Participant: 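To start, I am sharing the structure in question, which I have written as structure tokens.
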Amino acid sequence: MSKWVRAHTNIALIKYWGKENEELIIPKNNSLSLTLDAFYTDTKVTFDATLTEDQLVLDGEQQASGVLKKVSTVLDLVREQAGIKTFARVESINYVPTAAGLASSASGLAALAGAASEAAGLTLSKKDLSRLARHGSGSASRSIFGGFAEWEKGTNDEDSFATPVDDASWDIGMLFIIVKDAQKDVSSRDGMRRTVETSPFYAGWLNTLDQDLSDMKQAIKERSIKKVGTIAERNALKMHATTLGANPPFTYWSADSMKAMDAVRSIRKEGYDAYFTMDAGPNVKVICRQTDMSAIKEQLITYFDEEQIISAKPGPGIHVREN
Ligand code: 2P0
């Protein structure tokens, strides 16, 4: 009887943006993230000789086989390692607050890597789980670990994986501002490819990454929310700047994203240490002290509806779900 495995999502403070090797998902740069408690995925895998193809039942709904590419990539690797020849049924539940628009490949593909290897009877190290999750989605490599994790880009399949940096058992949290509008959807996979191939700003992004990364690690060591936030905000803005230079250009920012970023800047002027980051979508995440979260939320609901603001704290690494 296979077990349910839980993985939490993570938000990068130093972003992964661009692949060196598309097939193996080897990134152009190291990235560093914080795993969060508020959003996670539970997944169970059953290898079943009666199946004629892999199946994914997500939140109780059977998915069309066309959307299973990432899932089957991970399952194929597990089958190869375990010598399994049958297809699998994947049951997955995403715990994301209603209508948040935060469907996360990070928690989903990490939970799948854990559940599939568990169902196949493989006993993988965290390092090998991270490598396996990476094949599903790059950011999933970091969701194997709780707290802060760094995905070391490496050069090949063996040496590209995440490692834990700090357990984040200090006064840091994140508020999510779920905006109601959006730009036309460009998947992160397509967006990063287009940026690498066409944006003259991409070289500039890569040039300053090592500095951002070492500054961030130092800031985490010092437990300085001011430094962590400042570096994360600067890094996110640089990543998003590369998309404007792409051909054709694109942006993940909507009008409400800009309103949210402005709100964060205003709250900062009020004296709170609040900083923003954004990913491949219009929502804005606010890095702040856990102990300031309710006061900052009070401020944010003068700009947005209360249900648009979700609080998150550092979360744990991948684990078997307790029933
Ligand atoms: C990150 N993002 O570091 C960056 C920042 C989005 C912006 O990782 O192609 O879904 O599956 O490896 O992991 C989103 O990219 O992309 C992402 P693939 P993934 O979190």
Side-chain angles (χ1 to χ4, degrees), residues 7-36 39 41 67-74 77 94 101-113 130-145 148-154 157 160-162 165 174 176 182-183 185-197 199 202 205-206 209 212-213 216 231-244 246 250-253 257 276-285 287 312:
H8 288 249
T9 199
N10 72 76
I11 296 296
L13 303 177
I14 303 292
K15 305 295 184 188
Y16 149 49
W17 197 241
K19 294 180 181 69
E20 183 65 36
N21 182 320
E22 296 246 344
E23 198 198 330
L24 296 175
I25 312 202
I26 310 294
K28 289 271 192 190
N29 63 276
N30 289 23
S31 53
L32 191 151
S33 60
L34 180 61
T35 297
L36 297 165
F39 313 104
T41 305
V67 305
L68 261 70
K69 192 173 164 284
K70 290 179 178 185
V71 168
S72 290
T73 301
V74 172
L77 287 165
N94 263 332
L102 282 168
S104 170
S105 57
S107 60
L109 275 302
L112 175 67
S130 176
R131 290 175 50 234
L132 178 60
R134 188 197 82 229
H135 282 276
S137 221
S139 53
S141 66
R142 302 183 306 238
S143 273
I144 301 305
F145 300 99
F148 295 99
E150 178 181 1
W151 175 16
E152 292 171 42
K153 64 180 183 206
D157 186 29
S160 185
F161 54 87
V165 169
M174 219 180 257
F176 284 63
Q183 295 290 338
D185 202 33
V186 181
S187 73
S188 51
R189 198 161 277 196
D190 292 347
M192 63 177 89
R193 182 187 301 124
R194 193 191 302 175
T195 306
V196 171
E197 287 173 357
S199 178
Y202 191 73
W205 155 256
L206 282 184
L209 253 156
D212 282 3
L213 189 69
M216 180 61 82
I231 300 159
E233 190 174 297
R234 180 171 89 201
N235 185 265
L237 287 170
K238 276 188 280 193
M239 182 207 112
H240 286 272
T242 66
T243 71
L244 296 178
F250 66 103
T251 182
Y252 293 109
W253 296 8
S257 314
F276 59 79
T277 188
M278 280 184 67
D279 296 290
N283 296 322
V284 173
K285 295 103 186 181
I287 301 150

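Computed from a predicted structure; not experimentally measured. We count ligands from 1, going down the list as the structure has it; atoms in each ligand are counted the same way.
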Participant: Identify all pairs of nitrogen or oxygen atoms, one from ligand 1 and one from the protein, separated by less than 3.5 Å, and list them with distances.
Facilitator:
from     : atom 1 : to   : atom 2 : distance (Å)
ligand 1 : 3 (O)  : Y16  : N      : 2.9
ligand 1 : 3 (O)  : R142 : NH1    : 3.0
ligand 1 : 3 (O)  : R142 : NH2    : 3.2
ligand 1 : 9 (O)  : K19  : NZ     : 2.6
ligand 1 : 9 (O)  : R189 : NE     : 2.8
ligand 1 : 10 (O) : S105 : OG     : 3.0
ligand 1 : 10 (O) : S137 : OG     : 3.2
ligand 1 : 10 (O) : S188 : OG     : 3.4
ligand 1 : 11 (O) : S137 : OG     : 2.5
ligand 1 : 11 (O) : R189 : NH2    : 2.8
ligand 1 : 12 (O) : Y16  : OH     : 2.6
ligand 1 : 12 (O) : G138 : N      : 2.7
ligand 1 : 13 (O) : S137 : OG     : 3.4
ligand 1 : 13 (O) : G138 : N      : 3.4
ligand 1 : 13 (O) : S139 : N      : 2.9
ligand 1 : 13 (O) : S139 : OG     : 2.7
ligand 1 : 15 (O) : S188 : OG     : 3.2
ligand 1 : 20 (O) : R142 : NH2    : 2.8

Participant: Nearest 0.5 Å, what's the NE2-OG distance between H240 and S257?
Facilitator: 8.5 Å
Participant: Please evaluate residues E20 and K153 with respect to the criterion salt bridge (Lys or Arg N to Asp or Glu O under 4.0 Å), reporting the C-alpha separation (whole Å), side-chain torsions for both, the decisive distance (0.1 Å), and the verdict.
Facilitator: CA-CA 9 Å; E20 183 65 36; K153 64 180 183 206; over 6 Å; no
Participant: Return the set of residues passing side chain to side chain contact (heavy atoms under 4.5 Å, CB included) with L206 (not counting sequence neighbours), or none when no residue passes.
Facilitator: K28, N29, Y202, L209
Participant: Of all residues at least two apart in sequence or in a different chain, which pass the side chain to side chain contact (heavy atoms under 4.5 Å, CB included) check with A7?
Facilitator: A110, A111, I318
Participant: So, applying side chain to side chain contact (heavy atoms under 4.5 Å, CB included) with N235, which one of L32, D212, L13 is it?
Facilitator: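 That would be D212.
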Participant: According to ring-ring contact (aromatic ring centres under 6.0 Å, His included), who are the partners of Y16, at least two apart in sequence or on a separate chain?
Facilitator: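 Listed in chain order: W151.
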